[in-house]
2 protein chains.
Amino acid sequence: MEEQRIVDDERITTFGRLVEAHARLTNVLDNELREALGLPLRWYGLLLHVGRSPHGVRPMKELIEATAFTSGGVTRLVDRIERAGLVQRLPCPTDRRVQHVGLTDAGQEMLQRATAVHLRGIQEHMIDALDPGEVKRLNEILPKLVAQSGGRR
Amino acid sequence: MEEQRIVDDERITTFGRLVEAHARLTNVLDNELREALGLPLRWYGLLLHVGRSPHGVRPMKELIEATAFTSGGVTRLVDRIERAGLVQRLPCPTDRRVQHVGLTDAGQEMLQRATAVHLRGIQEHMIDALDPGEVKRLNEILPKLVAQSGGRR
DNA sequence: GGTCATTAGTTGACGTGTCAAGTAAATCGA
DNA sequence: TCGATTTACTTGACACGTCAACTAATGACC
């Protein structure tokens, strides 16, 4: 008769699978984006958030909430992307504490190119690996996990 | 009539959800483990891998493959955990290049305690947020994503 | 058995993120 | 309306990983 060890609990493995799937996917997609355009996946994530904004501009505040970074982390990320000329800080006219972040023309251009590359990667490494029904289910399940674990720091 | 922008493609959002679910979950579980036992989630991951090994011992090689780290990263991670007394390096008798990593008594003890905490967290933040069927589907879907994106460096 | 290539793991230099303290502006309250 | 909080962001010190170069041992082949 076998001992059933607590470390072998299947729920731990479920979580482990999520971690591993995330690690593998981000790794591949990051590599593809870097090779094609020299763009780190994290930069792309920020460009995407800004590019999707209604007025083409986002306050730091919202970028901090949207990315899983601390405020200091976002400050530095924006520093680098700004230095690369893809993004610019714009002072907010109504609240001088606030910095808006907007895409430069080069940033717009980069976002378009990068999205094409990224989309090919997602299709190949994520969508094609699953049945259509499974993709649909993922889209139902994942938001529940996001909503549930609540805010951060 | 609305323009459909390429950046709004739903597949990008699907991937984004995976990233966000991962970020939120690991953040919560890391905090819980740190608060309860002062143990970072990454340390737990390594302890778990070692603790699950058939002979209670794993060569660095396998830890590198199992975690999503580079060899240098694992060397330093093991350095720190070893300095904390939870793990020890054991020279391999048949191949003097190889270092085996095994749990110390304190490491065993920590692994047991941490697993209890971790399991409560997974239950609360992951399992309870989903229906039983959804958990089952996750367990079918995630391995496909892992297998598909292949190896690393 | 002696070269050559390969494999395991470590290390120095560095990039990127965190934490906590700091600055400046807005807001709240007597 | 003026001091006390709070909010938005930045910064210095530091923790943690990566990359590429390095050491040591093994294996392969002539």
Side-chain angles (χ1 to χ4, degrees), chain A residues 19 22-24 26-28 30-31 33-35 38-46 50 57-84 86-102 151-153, chain B residues 19 22-24 26-28 30-31 33-35 38-46 49-50 57-84 87-102 151-153:
Chain A
V19 171
H22 170 267
R24 305 264 179 189
T26 53
N27 229 318
V28 184
D30 185 50
N31 287 341
L33 231 29
R34 280 177 196 271
E35 276 165 32
L39 188 76
L41 182 58
R42 302 227 146 136
W43 291 29
Y44 176 72
L46 192 137
V50 175
V57 133
R58 282 262 195 225
M60 293 290 286
K61 186 82 197 309
E62 291 177 20
L63 294 176
I64 293 162
E65 278 154 20
T67 65
F69 294 149
T70 58
S71 57
V74 173
T75 290
R76 288 181 162 128
L77 181 58
V78 171
D79 283 348
R80 290 191 296 275
I81 306 182
E82 188 171 34
R83 238 178 280 128
L86 299 177
V87 117
Q88 55 191 324
R89 283 177 166 92
L90 304 162
C92 171
T94 68
D95 185 338
R96 288 188 301 171
R97 292 169 304 178
V98 174
Q99 294 278 20
H100 287 292
V101 178
R152 268 176 313 290
R153 70 207 77 267
Chain B
V19 171
H22 170 267
R24 306 262 178 187
T26 52
N27 230 318
V28 184
D30 185 50
N31 287 341
L33 231 29
R34 281 177 196 269
E35 277 165 31
L39 188 77
L41 183 57
R42 300 232 147 132
W43 291 29
Y44 176 71
L46 192 138
H49 263 295
V50 175
V57 134
R58 283 261 194 226
M60 292 292 285
K61 186 82 198 307
E62 290 177 21
L63 294 177
I64 292 162
E65 279 154 19
T67 65
F69 296 148
T70 58
S71 58
V74 174
T75 291
R76 289 183 161 128
L77 180 58
V78 171
D79 283 348
R80 290 192 297 275
I81 306 182
E82 188 170 35
R83 238 178 281 128
V87 118
Q88 56 191 320
R89 283 178 167 90
L90 305 161
C92 171
T94 68
D95 186 338
R96 288 187 303 169
R97 292 169 304 179
V98 173
Q99 293 279 23
H100 287 292
V101 178
R152 266 176 315 289
R153 64 209 79 273

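Below, read A as the first sequence line, B as the second, and so on, with proteins coming before strands; counting in each chain starts at 1. Note that these values count all heavy atoms, side chains included, but never hydrogens, waters or copies made by symmetry.
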TODO: Report the distance from atom CD1 of B/Ile64 to atom C1' of D/dG17, rounded to the nearest whole Å.
DONE: 13 Å
Open item on the list: If I take atom CG in residue B/Asp30 and atom P in nucleotide C/dC19, what distance separates them, rounded to the nearest angstrom?
Closed with: 9 Å
Open item on the list: Let's see if you can work this out: which of D/dT10, C/dG17, D/dT26 has an atom nearest to the side-chain heavy atoms of A/Phe69?
Closed with: C/dG17
Open item on the list: What I'd like to find out is whether the side chain of B/Met60 reaches to under 4.5 Å of the side chain of B/Val98, using heavy atoms alone.
Closed with: no
Task: B/Met60 side-chain proximity, nearest of C/dG9, D/dT10, D/dA25 - done: C/dG9
TODO: Starting from the 5' end of DNA chain C, give me the residue, A/Leu77 or B/Glu62, whose nearest nucleotide shows up first.
DONE: B/Glu62
- [ ] To the nearest 0.5 angstrom, please state how far the CG atom of A/Leu41 sits from the CG atom of A/Leu46.
- [x] 11.5 Å
Task: Any B/Trp43 side-chain heavy atom under 4.5 Å of B/Arg80 side chain - done: yes
Open item on the list: Whole angstroms only, please: what is the CD-C1' distance between A/Glu82 and D/dT10?
Closed with: 13 Å
Task: Gap between atoms CZ and P, on A/Arg58 and D/dC9 respectively (whole Å) - done: 13 Å
Open item on the list: Whether B/Thr70 contacts D/dT18 is assessed here as follows: a side-chain N or O lying under 4.0 Å from the phosphate OP1 or OP2. Is that the case?
Closed with: yes
Task: Length of the CG-P vector between A/Asp79 and D/dA8, whole Å - done: 19 Å
TODO: Nearest whole angstrom, please: distance from the C1' of C/dT10 to the CG of B/Leu63.
DONE: 15 Å
- [ ] Could you tell me whether the side chain of B/Leu33 reaches within less than 4.5 Å of the side chain of B/Pro40, counting heavy atoms only?
- [x] no
TODO: Tell me which nucleotide among C/dA8, D/dA8, C/dT18 gets nearest to the side chain of A/Val98.
DONE: D/dA8
Open item on the list: Nearest whole Å is fine: how far is C/dT10 P from B/Lys61 NZ?
Closed with: 14 Å
TODO: Map A/Thr75 and B/Arg34 onto DNA chain D by nearest heavy atom, then report which one ends up closer to the 5' terminus.
DONE: A/Thr75
Task: From D/dC16, C/dT16, D/dC9, nucleotide with atom closest to B/Arg80 side chain - done: D/dC16
TODO: Look at the side chain of B/Arg42 and decide which nucleotide, out of D/dA25, C/dA26, D/dG17, has an atom nearest to it.
DONE: D/dG17
Open item on the list: Rounded to whole Å, please give me the gap between CG in B/Asp95 and C1' in C/dT7.
Closed with: 8 Å
Open item on the list: By nearest atom, which of the nucleotides D/dT11, D/dC9, C/dA8 is closest to the A/Pro59 side chain?
Closed with: D/dC9
Open item on the list: Any heavy-atom pair between the side chains of B/Arg89 and B/Asp79 that's under 4.5 Å?
Closed with: yes
Task: A/Arg97 side-chain N/O to D/dT10 phosphate OP1/OP2 under 4.0 Å - done: no
Task: Closest to side chain of A/Arg76, choosing from D/dG12, D/dT18, D/dT26 - done: D/dG12
